[in-house]
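Shown next, in structure tokens, is the structure this report addresses.
Proteins come first, then strands; the chains are lettered A, B, ... in the order of their sequence lines, and each starts at number 1. No hydrogens, no waters, no symmetry mates; every other heavy atom, side chains included, goes into these values.
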Amino acid sequence: MRLIDRREFLLAGGATAAAAVVAGVPLSFAEDDAGGRSLQFAWAFRNVVGEAVPEEAQVTLDLPEIAENGNTVPYKIEVESPMTEADHVKKLHLLSTANPQAAVATFHFTPQSGKAAVAGRMRLAKTQDVVAVAETSGGKFLMGKRNVKVVIGGCGNE
Amino acid sequence: MAAKARIKLPESAKIGEIIEVKALISHVMETGNRKDGQGNPIARNIIHTFTATFAGNPVFSAEFGSGISANPFIAFFMTVPGPGEFELTWIDDQGVKTVERAPLKVG
């Protein structure tokens with residue numbers, strides 16, 4: 001018996017819709033799924049990238065390693081890009097892998113933005129990976145992720 | 001209830017310089033996941049859309065979900081094209097629209 005890769009698995013055609021969604025998540029995710037990535041996240045991720053497999057490059061997430069209070073966790077995201085008319089970051093998606101709602105925010109840039117960077121504060125229900133996916137004007141997907149340990153969960157779902 | 005919003009810009013900027021714009025608004029950002037004392041769900045009320053224009057041109061915008069903290073803070077960048085005014089708009093689930101303007105000194 002040989003191991004089949006993701007692409008073959010998808011092409012196998014026998015996959016159910018749900019399995020295809022989970023398979024759409026890069027292998028590096030599937031492997032640490034014990035970390036509790038939600039199906040919500042799998043859907044949100046799939047919704048952003050479709051069939052594409054984003055390259056894990058050029059996206060830097062700056063988040064605390066340990067967040068005392070999950071209600072307000074500061075984030076800073078920057079995507080390396082020339083930000084010219086011909087080559088710029090159009091969208092940046094901020095996703096949570098374990099919140100009740102996975103899609104945290106979508107940011108839209110223009111060449112006028114100068115820099116594909118954004119900062120704010122987010123809620124984290126529990127310890128999890130935070131994922132950022134950038135979409136370039138050329139239709140390329142880039143991504144970055146960062147694990148945050150949450151001491152007191154936010155989201156108001158307790 | 002019109003929310004209170006603030007915009008922070010550099011004192012002055014040069015044409016071609018990349019500046020950071022910081023904006024803050026007071027808002028509950030009710031997630032819709034919580035229940036009241038009687039166990040009834042509390043309706044979601046979040047700011048779902050934020051837009052920023054400069055001299056009438058779109059610079060940056062964002063859609064927020066319930067994972068954005070209360071009193072949302074946002075910081076973004078812009079290459080200064082010349083003198084002009086920022087117009088920042090926040091819209092929440094109850095249709096409340098808050099608009100705040102700030103002129104940029106270019107010298």
Side-chain angles (χ1 to χ4, degrees), chain A residues 38 40-41 44 47 62 67 69-79 81-85 88-125 128 130-131 153-158, chain B residues 8 13-25 27-36 41-82 84 86 90 104:
Chain A
S38 62
Q40 257 271 359
F41 168 74
N47 205 16
D62 186 359
N69 179 0
N71 274 311
T72 168
V73 183
Y75 65 81
K76 247 190 230 174
I77 314 166
E78 184 160 0
V79 189
S81 166
M83 292 306 275
T84 57
E85 202 61 57
H88 60 273
V89 174
K90 268 169 51 183
K91 289 186 203 175
L92 178 64
H93 306 267
L94 177 58
L95 303 173
S96 144
T97 55
N99 277 3
Q101 284 86 28
V104 175
T106 300
F107 309 104
H108 303 259
F109 302 98
T110 65
Q112 192 66 52
S113 302
K115 215 159 132 177
V118 67
R121 295 190 286 243
M122 71 189 295
R123 291 174 168 136
L124 291 174
Q128 60 179 282
V130 175
V131 174
C155 274
N157 53 334
E158 291 84 22
Chain B
K8 203 176 164 203
K14 292 185 184 73
I15 290 177
E17 189 185 340
I18 298 175
I19 60 160
E20 187 175 22
V21 180
K22 294 176 179 175
L24 184 67
I25 188 164
H27 196 280
V28 57
M29 295 297 277
E30 185 61 57
T31 62
N33 299 329
R34 296 199 310 152
K35 291 189 168 107
D36 66 15
I42 304 171
R44 191 184 92 154
N45 181 24
I46 64 168
I47 288 170
H48 52 76
T49 306
F50 169 78
T51 55
T53 65
F54 183 75
N57 298 311
V59 175
F60 175 84
S61 69
E63 285 118 45
F64 293 153
S66 55
I68 293 292
S69 303
N71 305 323
F73 164 77
I74 184 98
F76 60 92
F77 293 86
M78 183 189 78
T79 307
V80 177
F86 278 100
W90 293 261
L104 178 69

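Under a 3.5 Å cut-off, the side chain of A:S113 and the backbone N or O of B:M78 do not form any donor-acceptor pair. B:E63 places no side-chain N or O within donor-acceptor distance of the main-chain N or O of A:F107, the cut-off being under 3.5 Å.
Only the side chain of B:L24 comes within contact range of chain A, with at least one heavy atom under 4.5 Å from a heavy atom of that chain. At a 4.5 Å heavy-atom cutoff, the contact between B:I68 and chain A is made by backbone and side-chain atoms alike. For B:A70, the parts lying under 4.5 angstrom from a heavy atom of chain A are both the backbone and the side chain.
Per-residue counts of heavy-atom pairs under 4.5 Å with chain B were compared for A:M83, A:K76, A:Q101; the largest is that of A:Q101. For chain B, the option among A:V118, A:V104, A:V73, A:L92 with the highest count of heavy-atom pairs below 4.5 Å is A:V104. Ranked by non-hydrogen atom pairs under 4.5 Å with chain B, the options A:A105, A:G114, A:A119 are led by A:A119. Between chain B and the residues A:A117, A:S96, A:A103, the most heavy-atom pairs under 4.5 angstrom are made by A:A117.
Using non-hydrogen atoms only and a strict 4.5 Å limit, the part of residues 50-60 of chain B facing chain A consists of B:P58, B:V59, B:F60.
Taking all atoms of both residues into account, the shortest heavy-atom contact from A:R123 to B:T31 is NH1-CG2, 3.2 Å. Closest heavy-atom contact between B:S69 and A:N71: OG-O, 2.8 Å.
The side chain to side chain donor-acceptor pair (under 3.5 Å) search around A:R121 returns none, not counting sequence neighbours.
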